[in-house]
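What follows is one structure encoded as structure tokens, with my remarks underneath.
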Amino acid sequence: MLKRSKAPAGTVVVLEHTSQVLKDNPWGDPHVRKLAVWLPPQYDDGASLRRFPVLYDMTGFTGSGLAHIAWKSFGNNIPERAARLIYEQKMGPAIFVLPDCFTALGGNQYINSSAVGNYADYLTRELIPFVDRELRTLASREHRGCFGKSSGGYGAMMHAMRHAQYWGAIADHSGDALFDFCYFSDWPRTLNELDRYRKRRRAPGRIDVLRDERNVAAGIDDGRVRRFLDHVWGKDKLGDGEVHALMNVAMAATYDPDPKTPLGFRLPFNLETGELIPARWRRWQGNDPVNLVGSSRRNLRSMRGIYIDCGWRDQYHLHYGARLLSKRLAQHGITHVYEEFDDNHSSIDYRMDVSLPYLYRALKP
């Protein structure tokens, strides 16, 4: 309670949006979604024609925009943080949009995938026009930005790279980058988790590896991934290993979709031997921000602001990806701000006290 601000609270509204983009998505996820929006106190101050910059919050894996308007212990949720920063005159008033992009796979990376859903199109082609119609926004890219942490940070960076016509500035907190570090090293644990759902149970004695790997060498599920998913969907609580395995499965569906396979995507490792499948991993690397700076330099240079930060004790080694991303940006002459802080990957929403004023300054009228 000591951290509760005396700032005027503003107004949280929850809209309902019916998406055509998400209709008939691969996992049967809802296409009618709740959209949380925070309106600053100044929205209803009598200046009825006043319009405001807009900031879109891209939540991390397993998250949803609705969670970011919930009460938060020992800290601020997004509406409280925004209200306080405005009250303290660290930023001006802005509208905050908090989309729900959760999926049956635990989330998504805010890019289009035939195996997950076209969530980039959902945001840019549906939600942006919807919000601009319903609310008094400054409806141009120069006054619209996005921000996020982890998968949300990745999404913000990818939208700057691929969808710059919609966004004027982005903030990337501990976003996924340098996949060889942040994903590759976690796959042995995922393979062990998936192995529990192997059709032929393991038994002591001689084994025929060539026989066993016959159906998985090309990165195609032999049924164990589907059985794993069915199992976790039926649970009330997931273990840490299950969450991380689900995350890697979701990343495979995002980065390497293949409609011709049973699950609609391929895996980057041989499920039996753990061997990397180079052709599959190249599909992942083609979505790694550190590999996309050069090809995206025109879009990135058009940004009015690019903010990146990461803790130098990040559990997923994302500080190395953030450093390399900053290096590549600098090498291509792309203006940006990169900061590090003494923390890990968890509970770092307080860093928005830095990024949100930065975004407002970049987007203000």
Side-chain angles (χ1 to χ4, degrees), residues 25-29 60-64 102-109 113-117 150-151 176 179-281 283-284 287 314-318 344-346:
N25 64 80
W27 300 100
D29 291 321
F61 191 72
T62 73
S64 168
F102 189 74
T103 74
L105 297 180
N108 78 95
Q109 298 294 88
S113 165
S114 62
V116 181
S150 196
S151 287
D176 300 3
F179 291 180
D180 289 337
F181 274 29
C182 69
Y183 296 139
F184 193 99
S185 60
D186 194 50
W187 264 95
R189 180 163 62 156
T190 293
L191 294 173
N192 285 341
E193 187 66 37
L194 295 175
D195 196 65
R196 297 171 54 200
Y197 302 91
R198 189 174 182 267
K199 185 174 183 180
R200 189 194 300 268
R201 291 191 173 274
R202 298 196 181 275
R206 295 183 181 183
I207 62 171
D208 184 341
V209 177
L210 286 177
R211 179 203 65 194
D212 290 347
E213 72 149 15
R214 191 173 299 132
N215 295 325
V216 297
I220 298 175
D221 178 37
D222 63 352
R224 71 185 74 183
V225 176
R226 183 72 213 203
R227 287 188 286 274
F228 162 74
L229 291 173
D230 289 339
H231 176 75
V232 298
W233 288 335
K235 294 190 70 176
D236 294 322
K237 177 180 178 180
L238 303 188
D240 181 68
E242 291 170 324
V243 171
H244 282 84
L246 182 63
M247 180 186 72
N248 280 321
V249 168
M251 299 308 143
T254 300
Y255 302 138
D256 195 7
D258 183 352
K260 294 177 290 186
T261 62
L263 284 181
F265 61 91
R266 293 181 184 250
L267 303 163
F269 290 87
N270 184 311
L271 289 170
E272 284 293 314
T273 66
E275 292 172 281
L276 176 69
I277 305 172
R280 308 273 52 95
W281 191 245
R283 295 288 299 272
W284 287 55
N287 289 280
D314 191 281
Q315 304 96 302
Y316 302 99
H317 321 300
L318 290 167
N344 55 31
H345 194 74
S346 305

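Please read these numbers as outputs of a predicted model, since none were measured by experiment.
- Nearest approach of Cys182 to Leu318, heavy atoms of both residues: CB-CD2, 3.5 Å.
- Remark: the backbone N or O of Asn270 is not paired with any side-chain donor or acceptor of Thr273 at under 3.5 angstrom.
- A side-chain donor-acceptor contact under 3.5 Å links Arg227 to the backbone of Tyr197.
- The shortest distance between side-chain heavy atoms of Phe265 and Asp221 does not fall below 4.5 Å.
- Applying side chain to side chain donor-acceptor pair (under 3.5 Å) to Tyr183 and the options Tyr255, Tyr316, Trp284 leaves one that passes, Tyr255.
- Residues Phe61 and Met251 have side chains in contact (heavy-atom distance under 4.5 Å, counting atoms from C-beta outward).
- Counting only heavy atoms from C-beta outward, the side chains of Ser185 and His317 approach each other to under 4.5 Å.
- Within a 6.0 Å radius of CZ in Arg202, more than 12 heavy atoms belonging to other residues, nucleotides or ligands are found.
- Looking at Arg189, its side chain never comes within 3.5 Å of a backbone N or O of Gly241 through a donor-acceptor pair.
- Looking only at side-chain heavy atoms (C-beta outward), Val243 and Met247 stay at 4.5 Å or farther from each other.
- Within a 6.0 Å sphere centred on CZ of Arg211, other residues, nucleotides and ligands contribute more than 12 heavy atoms.
- For the atom pair CG of Asp195 and CZ of Arg224, the computed distance is 5.5 Å after rounding to the nearest 0.5 Å.
- Closest approach of Ser150 to His345, counting heavy atoms only: OG-NE2, 2.9 Å.
- Counting heavy-atom neighbours within 6.0 Å of Lys199 NZ, excluding the residue itself, gives a total of 12 or less.
- When each of Trp281, Phe179, Phe269 is checked for a ring pair (Phe, Tyr, Trp, His ring centres under 6.0 Å) with Trp187, only Phe269 meets the rule.
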